[in-house]
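See structure below.
Note that these values count all heavy atoms, side chains included, but never hydrogens, waters or copies made by symmetry. Every number for a ligand or one of its atoms is a count from 1 in the order of the listing. Nothing fancy with the numbering, it's 1 onward along the sequence.
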Amino acid sequence: KNILMWFRSDLRLSDNRALQGALKQLDLLNKEKAGTSSLFALFIVSTGEWQEHDASKFKVDFILRNVEKVAEKLKTFGVPLVIKTASNKKSVPNAVMEVCKLYHINEVYCNIEYEVNESKRDEKVKVLLMQNKILLKSYHDQCAVPPKEILKLNSDKPFKVYTPFKKAWMDVVYQNPRHLTLSNSLPSPSFRQPTLPSRYPCAFTSSIPKSADGFALSEEIQRTALELYPAGEVKARERMDAFIAEKLGNYKEDRDFVCKPGTSVISPYLTCGVISSRQCIDMAQKVNNGKLETGDPGAVKWILEIVWREFFRYILVAFPRVSKSLPFIPEASMIKWDEKDGHFDAWKAGLTGYPLVDAGMRELVSTGWISNRIRMTAASFLTKDLLINWQKGEAHFMRHLIDGDLASNNGGWQWAASTGTDPKPYLRIFNPLLQSEKFDPNGEYIRKWVPELRSVKSNKAIHDPFNRLQRDQFNQLGYPVPLVDHHKTKAKAEKVYGAAIHLG
Ligand code: FAD
């Protein structure tokens, strides 16, 4: 009786609920009959699934590098990681089945992925395995509190707004502290799986591809990726340790300042499951004397951001329409977008004439990551100033973000586009100029990412060079004229949105 641990978006060995389950079962089986059961691990390279989700090259590269780390670590315990390819979602059940047959697997362990298509895929895997008398055991792991646990509390009227959700989340955690308990999922250091019987094809040699078809990074970008996002659990923890030591205390004040990176940049690791949300909360809680909601304002604010992540996963489960390209507020599908020729391309290329937006869009393409403040500003600009459907922006972000995640990206886009969970009783429209002056006061961020503006010395003009420089000075910069006038488009957005949805 052998066991298979199927890794997906949980690329770590520590605090992994499914792996913990697999190891417990292995222990039981070997207690019953010593040395008769072995543990195998599986990762499926499915380019079709990545394409389906608009996964970025940054993300796929990061996944593959982390799979390699998982394989290395598993190997130290004598556990082989089998790499299987499946061209798309449909072929995943057979791919799992083939591995089960090859290695005489009786039970498959995995962590739940909450998206609608992933749930359907796993249901198909379950049925196929069951027909072959193989058990699929799936665990809640992606969130500290399983979304269904909160849904249960309020199933008639699921939460639509973050604050009451957060309260319910806290209540569940206080009542059941086990939600935050880390899983004992690392094999004990002395654990070494006995040499596998020779009838099994040697999975230790199954090589992890360095890149996947259609997802190869250019050499230059690959260098950036290796430098900015080193792979592995150890690196994720080091990043968290450094963030806690150097930035957590000021997180509340600094997080929005785009010129000084005051956030953790742990999102790529969370998205691929290289670190768990429990581990993150645990680390922040420890320096906050075990508290979640009181104590150091930086630690509290940061923990509450992790709860935002859980909120958007909850929304995905409670309102599956959001993962089917539908707006959270149904009437929002009536918004009459008014996209002008060339505007979407200019936004993508960072050529809107609004320096902060342009800096952000260029950073995104160059590094695969931008801060939350920039994400909100760029998203608001696309949807309210350019009146372009948020779904186009959502897809563009996914195609470039290293931390691209359906729940958080969709949640963030719909929030910024006012088609989602923002409870404001009026249409929230970011003023890109004020955002720029407030969060990049000296224009450092703009100068870093928009080289055409480096010669602009004035910290006032840098935010709005077209209106604040002499025309001939502006013309020499080679920087575009603003695509739109924010004040005019604001009024238009209010009209267009007002005709479709009633806010509040
Ligand atoms: P920190 O500020 O250090 O926060 C720690 C963690 O909390 C983050 O890593 C993230 O997991 C979580 N978090 C923080 N803010 C949010 C938030 N607003 N919503 C959900 N989780 C949050 N986040 C993604 O992980 N993937 C995405 O694809 C994504 N797309 C977004 C698109 C838009 C339009 C917007 C407005 C936000 C999006 N976010 C997304 C949320 C947020 O911007 C990022 O999680 C955050 O910027 C990551 O940086 P960090 O790790 O330094 O965050």
Side-chain angles (χ1 to χ4, degrees), residues 9 53-56 58-59 62 115 142-144 162 165-166 228-229 236 239-240 242-244 246-248 250-258 260-281 283-284 298-316 322-323 347 357 360-361 363-364 367-384 390-422 428 430 435:
S9 44
H53 279 300
D54 288 317
S56 73
F58 266 116
K59 185 176 171 186
F62 190 62
E115 295 87 346
Q142 269 190 12
C143 297
Y162 170 76
F165 167 85
K166 179 198 76 185
L228 294 180
Y229 320 107
R239 180 167 292 230
M240 278 300 298
F243 167 69
I244 286 174
E246 294 157 22
K247 295 177 183 167
L248 187 66
N250 290 329
Y251 176 76
K252 193 165 182 235
E253 297 80 40
D254 289 354
R255 60 190 293 265
D256 282 314
F257 284 91
V258 297
K260 56 173 169 184
T263 69
S264 63
V265 196
I266 199 69
S267 51
Y269 299 84
L270 268 167
T271 294
C272 297
V274 185
I275 195 166
S276 72
S277 55
R278 287 177 298 276
Q279 289 173 313
C280 286
I281 294 171
M283 291 174 88
V300 172
K301 182 79 189 151
W302 195 79
I303 290 169
L304 294 181
E305 293 305 317
I306 300 284
V307 181
W308 265 104
R309 177 178 179 272
E310 306 233 334
F311 173 59
F312 285 136
R313 276 177 163 60
Y314 166 88
I315 290 289
L316 192 85
V322 301
S323 62
W347 178 82
V357 174
M361 298 309 290
E363 184 189 13
L364 170 66
T367 70
W369 185 91
I370 43 178
S371 68
N372 189 56
R373 177 57 48 184
I374 289 289
R375 293 183 205 213
M376 289 192 297
T377 308
S380 176
F381 187 81
L382 184 83
T383 52
K384 314 278 171 63
W390 57 273
Q391 289 167 334
K392 292 183 82 166
E394 182 195 16
H396 178 72
F397 267 30
M398 280 306 270
R399 284 185 198 121
H400 291 278
L401 283 172
I402 184 164
D403 62 17
D405 166 71
L406 199 152
S408 296
N409 193 43
N410 183 280
W413 267 97
Q414 296 227 43
W415 186 94
S418 303
T419 65
T421 55
D422 184 1
R428 190 197 295 265
F430 278 37
Q435 293 291 318

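The nearest heavy-atom contact from the protein to atom 6 (C) of ligand 1 is Ile306 CD1, 3.7 Å. The closest protein non-hydrogen atom to atom 3 (O) of ligand 1 is Ser264 OG, 2.5 Å. For atom 17 (C) of ligand 1, the closest heavy atom belonging to the protein is Trp308 CB, 4.1 Å. For atom 12 (C) of ligand 1, the nearest protein heavy atom (residue, atom name, distance) is Glu305 O, 3.5 Å. For atom 43 (O) of ligand 1, the nearest protein heavy atom (residue, atom name, distance) is Asn372 OD1, 2.7 Å. At the shortest separation from atom 45 (O) of ligand 1 among protein heavy atoms lies Ser267 CB, 4.2 Å. Ser408 CB, 3.5 Å is the protein heavy atom nearest to atom 23 (N) of ligand 1. Closest to atom 39 (N) of ligand 1 among all protein heavy atoms lies Arg375 NH1, 3.7 Å.
Taking the charged nitrogens against the carboxylate oxygens, Arg309 and Asp403 have no contact shorter than 4.0 Å, which rules out a salt bridge.
Here the side chain of Thr377 pairs a donor or acceptor atom with the backbone of Arg373 at under 3.5 angstrom. Although no hydrogens or angles enter the test, the distance criterion places no donor-acceptor pair under 3.5 Å between the side chain of Asn409 and the main chain of Phe397. The closest donor-acceptor contact from the side chain of Lys301 to the backbone of Lys252 lies at 3.5 Å or more, if one exists at all. Listed for the Lys247 side chain is a donor-acceptor partner under 3.5 Å among the backbone atoms of Pro261. Although no hydrogens or angles enter the test, the distance criterion places no donor-acceptor pair under 3.5 Å between the side chain of Arg313 and the main chain of Ala407. With hydrogens and angles ignored, the 3.5 Å screen pairs no side-chain donor or acceptor of Asp54 with any backbone N or O of Arg399. Counting only distance, with no hydrogens or angles, the side chain of Ser9 and the backbone of Gly273 share no donor-acceptor pair below 3.5 Å.
Within the structure, the closest approach of Met376 to ligand 1 falls below 4.0 Å when heavy atoms are considered. By the 4.0 Å heavy-atom criterion, Trp302 is counted among the residues contacting ligand 1. Under a 4.0 Å heavy-atom criterion, Gly404 is in contact with ligand 1.
Close approach of ligand 1 to Phe312 is summarised as follows: ligand atoms under 4.0 Å from at least one heavy atom of the residue are 19 (N), 20 (C). Those atoms of ligand 1 that come under 4.0 Å of a heavy atom in Thr271, given as number and element, are 25 (O). The contact set between ligand 1 and Arg309, taken as ligand atoms under 4.0 Å from a residue heavy atom, comprises 11 (O), 20 (C), 21 (N). Atoms of ligand 1 found under 4.0 Å from any heavy atom of Asp405 (numbered from 1 in listed order, with element): 26 (N), 27 (C), 28 (O). Distances below 4.0 Å separate heavy atoms of Leu270 from the following atoms of ligand 1: 9 (O), 11 (O).
Between His400 and Phe58, every side-chain heavy-atom pair lies at or beyond the 4.5 Å cut-off. In this structure, the side chains of Trp413 and Thr383 come closer than 4.5 Å at one or more pairs of heavy atoms.
For the ring-ring contact (aromatic ring centres under 6.0 Å, His included) test with Tyr269, the passing option among Phe62, Tyr229, Trp369, Phe243 is Phe62; the others fail.
Taking NE2 of His396 as the start and CG of Leu364 as the end, the distance is 5.0 Å to the nearest 0.5 Å.
By the 3.5 Å distance cut-off applied to N or O atoms, Arg255 is not counted among the residues near ligand 1. For ligand 1, the polar-atom distance check finds an N/O of Val265 within less than 3.5 Å of one of the ligand's N/O atoms.
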Under the ring-ring contact (aromatic ring centres under 6.0 Å, His included) rule, what do Trp308 and Tyr162 come out as? Steps first, then yes or no, please.
-> CA-CA 7 Å; Trp308 265 104; Tyr162 170 76; 4.0 Å; yes

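Residue-level proximity to ligand 1 for Tyr251 is carried by the side chain, the only part with a heavy atom below 4.0 angstrom. At a heavy-atom distance under 4.0 Å, atoms from both the backbone and the side chain of Asn409 approach ligand 1. Counting heavy atoms under 4.0 Å from ligand 1, residue Trp369 touches it through the side chain alone. At a 4.0 Å heavy-atom cut-off, ligand 1 touches Leu401 through the side chain alone.
Looking at Ile374, Leu406, Asn410, Asp403 and measuring to atom 27 (C) of ligand 1, the nearest heavy atom belongs to Asp403.
Ring pair Tyr314/Phe165 is tilted by interplanar angle, where 30° to 60° counts as tilted.
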